[in-house]
Amino acid sequence: MVRPPATPRPLAARAEPQNLVIDLARTAIVVIDMQNDFCSPQGWLAQVGVDVTPARTPIAPLAALLPWLRSEGVPVLWVNWGNRPDRMNLSPSLLHACDPTGEGPGLGHPLPGPAGPAAGAKVLERDSWPAAIVDGLQVAPTDIHVAKYRMSGFWDTELDSILRNLRITTLLFAGVNLDQCVMCTLQDANFLGYDCILVNDCCATTSPSYCLEATLYNVKQCFGFVTNSDHLLNGLKDRAT
């Protein structure tokens, strides 16, 4: 039952409101909702008229950052919205928020649009194309997958138990939508005692710009720190030399 302490692996990075030194031995990255229904031109949001161009901007910086984090032993956790086929754990208010007119398509409804990879699929159903990680992001066999059913990746999921078993204390946050699922998960992480760092260019939102600005303000003011992938990569590359 004795758990030997991990040897610290410090990494310095520029950040706001202060620069950081984090311990890679106690750090994980949580990537939220980078999945087809939110990010693909053939997914749910695009099919109901949302411009998903902003939601695709984290793909390239994440694709560059994740291999370097894995090389340092930093766990990568994909926290994707993936509902039960029967939707039994979704409340009426949550179903309404995702289908405010009541005319669909909402959670669990057949995905609209032309035939293609999503033909016959249902919106954000677990183990389906809509809930799968979007093309352009490579998944490693060592990565960890957690299905969520709320805006927060901690509510009613095993995410906290996994992180505590890994003895993680610092979390990097990436994904979409920044002002919704990313922010809710980051806030819950802060309430649970994790040190929270938002990787700005690895996050995005399809919401209006003032939502993004308010979220960045609140993270820096109340809940953690904001950095970007270049600052982290500079530190990771320095460690490799």
Would you say the side chain of Thr227 lies within less than 4.5 Å of the side chain of Asn19, judging by non-hydrogen atoms?
no
Please say yes or no: joined through hydrophobic side-chain contacts below 4.5 Å, possibly via intermediate residues, are Leu172 and Val226 part of one cluster? no
If you define the side chain from C-beta out and look only at heavy atoms, does anything of Val76 sit under 4.5 Å from Ile144?
no
side-chain contact (heavy atoms from CB on, under 4.5 Å) filter on Asp179, not counting sequence neighbours, yields Asn177, Thr205, Ser207, Cys211, Thr215
Val139 meets the side-chain contact (heavy atoms from CB on, under 4.5 Å) criterion, sequence neighbours left out, with Trp78, Ile133, Asp143, His145
By side-chain hydrogen bond (donor to acceptor under 3.5 Å, both in side chains), Thr57 pairs with (sequence neighbours left out) none
Kindly indicate, with the supporting measurements, whether the criterion side chain to side chain contact (heavy atoms under 4.5 Å, CB included) is fulfilled by Phe154 and Val146.
CA-CA 10 Å; Phe154 282 98; Val146 176; over 6 Å; no
Item checked: Heavy-atom side-chain proximity of Leu111 to Lys122 below 4.5 angstrom -> no
* To do: Assess whether side chain to side chain contact (heavy atoms under 4.5 Å, CB included) is satisfied between Leu45 and Asp37, documenting all intermediate values.
  => CA-CA 6 Å; Leu45 290 190; Asp37 258 354; over 6 Å; no
Separation between CZ (Phe38) and CH2 (Trp44), nearest 0.5 Å, reads 6.0 Å
Taken to the nearest 0.5 Å, the spacing of Ile32 CD1 from Gln180 CD works out to 12.0 Å
With sequence neighbours left out, the residues meeting side-chain hydrogen bond (donor to acceptor under 3.5 Å, both in side chains) with Asp51 are Thr53
> Under a 4.5 Å side-chain heavy-atom rule over Ile, Leu, Val, Met, Phe, Trp and Tyr, are Leu20 and Trp68 clustered together?
Replying inline: yes
query = Do the side chains of Leu171 and Thr27 get nearer than 4.5 Å, heavy atoms only?
reply = no
**Request:** In sequence, state the C-alpha distance, the side-chain angles, and the governing distance for Leu107 and Leu90, and then conclude on side chain to side chain contact (heavy atoms under 4.5 Å, CB included).
**Result:** CA-CA 9 Å; Leu107 298 178; Leu90 303 180; 3.9 Å; yes
- Item | Heavy-atom side-chain contact between Gln138 and Leu66 under 4.5 Å | no
- Task: May I ask you to check whether over 12 heavy atoms, not counting those of Asp156, lie within 6.0 Å of atom CG?
- Result: yes
Heavy-atom closest pair (Ser40 atom, Arg56 atom, distance to 0.1 Å) is CA-NH1, 3.9 Å
Practice item. For residues Arg150 and Thr157, determine if any side-chain heavy atom of one lies less than 4.5 Å from a side-chain heavy atom of the other. Key: no
Notebook entry, point to check: Taking C-beta and beyond as the side chain, do Leu11 and Val21 meet within less than 4.5 Å on heavy atoms?
Noted result: no
task: Could you tell me whether a side-chain N or O of Thr185 sits under 3.5 Å from a main-chain N or O of Gly153, the two making a donor and an acceptor?
output: yes
Heavy atoms of Glu125 and Ala131 approach each other most closely as O-CB, 3.3 Å
message = Taking Leu137 as the starting point, is it possible to reach Val182 by hopping between hydrophobic residues whose side chains are less than 4.5 Å apart?
response = no
Q.
Donor-acceptor check, side chain of Gln35 to backbone of Trp81, threshold 3.5 angstrom: yes or no?
A. yes
side-chain contact (heavy atoms from CB on, under 4.5 Å) filter on Pro61, not counting sequence neighbours, yields Asp201, Cys202, Ser229
CG (Asn83) and CE (Met88) are apart, to the nearest 0.5 Å, by 13.0 Å
Contacts of Arg167 meeting salt bridge (charged side-chain N to carboxylate O under 4.0 Å, His left out) (sequence neighbours excluded), chain-then-number -> none
Original post:
Below 4.5 Å, heavy atoms only, C-beta onward: do Leu77 and Val31 meet side chain to side chain?
Top reply: no
Applied to residues 216-232, the salt bridge (charged side-chain N to carboxylate O under 4.0 Å, His left out) test, sequence neighbours excluded, yields Glu16-Lys220
For Asn234, the side-chain contact (heavy atoms from CB on, under 4.5 Å) test, sequence neighbours excluded, returns none
Heavy-atom closest pair (Ala63 atom, Pro67 atom, distance to 0.1 Å) is O-CD, 3.1 Å
Here the salt bridge (charged side-chain N to carboxylate O under 4.0 Å, His left out) pairs for residues 72-96, sequence neighbours left out, are Arg9-Glu72, Glu72-Arg239, Arg84-Asp86
Separation between CG (Asn80) and CG (Leu124), nearest 0.5 Å, reads 9.0 Å
Sorted by chain and number, sequence neighbours left out, salt bridge (charged side-chain N to carboxylate O under 4.0 Å, His left out) with Glu158 holds for none
Value for CD1 (Ile168) from CZ (Arg26), rounded to nearest 0.5 Å, stands at 8.0 Å
For Val134 and Cys39 the tightest heavy-atom approach is CG2-CB, 3.9 Å
d(Asp33 CG, Cys203 SG) to nearest 0.5 Å is 11.5 Å
So salt bridge (charged side-chain N to carboxylate O under 4.0 Å, His left out) across residues 204-214, not counting sequence neighbours, yields none
Does CZ belonging to Arg164 count more than 12 external heavy atoms closer than 6.0 Å?
yes
Distance-only criterion, 3.5 Å: show the donor-acceptor pairs between side-chain atoms of residues 188-199 and protein atoms not counting sequence neighbours.
from: Asp188; atom 1: OD2; to: Ser152; atom 2: OG; distance (Å): 2.5
from: Asn190; atom 1: ND2; to: Phe223; atom 2: O; distance (Å): 3.2
from: Tyr194; atom 1: OH; to: Asp160; atom 2: OD1; distance (Å): 2.6

query = Applying the 4.5 Å side-chain criterion to the ILVMFWY set and letting contacts propagate, would Leu186 and Phe225 be lumped into a single cluster?
reply = no
Looking only at heavy atoms, the pair that brings Ala28 and Leu163 closest together is CB-CD2, 4.2 Å
Item checked: side chain to side chain contact (heavy atoms under 4.5 Å, CB included) evaluation trace for Ile29 with Phe173 -> CA-CA 6 Å; Ile29 184 167; Phe173 283 90; over 6 Å; no
Answer yes if Leu159 and Tyr149 sit in the same cluster of Ile, Leu, Val, Met, Phe, Trp and Tyr residues linked by side chain heavy atoms under 4.5 Å apart, and no otherwise.
no
